[in-house]
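One structure is given here, and the rest of the page talks about it.
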2 protein chains.
Amino acid sequence: MKNNIKVERARMNLTQDELARLTGVSRQTINTIESNKYVPSTILALKIAKVFSKPVEEIFFLTEED
Amino acid sequence: MKNNIKVERARMNLTQDELARLTGVSRQTINTIESNKYVPSTILALKIAKVFSKPVEEIFFLTEED
DNA sequence: TCACGATGTAAAATATGCTTGACTTTATGT
DNA sequence: ACATAAAGTCAAGCATATTTTACATCGTGA
């Protein structure tokens, strides 16, 4: 799975820490998701999408291996 | 988090087992998600939404406690 | 150059997703 | 009543998500 978080953060002018606070997780969680180290839970994906006012599908993308 | 999977399955006339096969997980996984025992990964949520041809947000919903 | 905010990264611990296998329950049809 | 398909559930175990703490790096402004 891939994601667009970095771009969306830039668009909204948010730091990793700010996004973390807005979604109730740690900054490292945002960082590691952003660098594709692991896949977030659906709850977190929904919260992130909500912050960006976009559907989950426009932020997280299935890849071949999924 | 809550979800609509049971209703969507009914709409598409799919058994838990069929949905499990279509999304590459076990039948118990579908069953336990459906009964809100745990929250799926974003990958699985995206796959389920894809099967139902609906956005993730129309199948999975954040609740108060999330 | 120095300080500082933002980001990257790592290790260890805990929580949760997901699997397999097996058994029970609940329709529904014959 | 019986058989069968579908759904519910439980336990054990492995894999992965997420946390905390801590330290390193990078870029920018003073």
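All figures in this text were calculated on a predicted structure; none of them were measured in a lab. So you know, we letter chains A, B, ... as the sequences are listed, proteins then strands, and number each from 1.
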- Message: Under 4.0 Å, heavy atoms only, any strand: does Ser41(A) hit a base, just the sugar-phosphate, or nothing?
- Response: sugar-phosphate
- Message: Whole angstroms only, please: what is the CG-C1' distance between Leu14(B) and dA7(D)?
- Response: 15 Å
- Backbone N or O of Ile43(B) within a donor-acceptor pair of the Asp66(A) side chain at under 3.5 Å? no
- Salt bridge Arg21(B)-Glu18(B), side-chain N to carboxylate O under 4.0 Å: no
- Task: Can you tell me which stems DNA chain D forms, taking runs of 3 or more consecutive Watson-Crick or G-U pairs with both distances under 3.5 Å?
- Result: C:1-30 with D:1-30
- Measure the distance from CD1 on Ile30(A) to C1' on dT20(D) and round it to the nearest whole Å. 16 Å
- Arg9(B) CZ to dA5(D) C1', in whole Å, measures 13 Å
- Task: Taking only the side-chain nitrogens and oxygens of Arg27(A), find out if one of them lies under 4.0 Å from OP1 or OP2 of dT20(D).
- Result: no
- Could you check which of dT9(D), dA7(D), dT20(D) has an atom nearest any side-chain atom of Gln28(B)? dT9(D)
- Query: When you check the gap from the basic side-chain N to the acidic O, do Arg9(A) and Glu34(A) get nearer than 4.0 Å?
  - Reply: yes
- Message: With a 4.5 Å cut-off on side-chain heavy atoms, are Leu44(A) and Ile33(A) touching?
- Response: yes
- Message: Below 4.0 Å from chain B heavy atoms, what is the first contacting nucleotide of DNA chain C and what is the last?
- Response: dG17(C) to dA22(C)
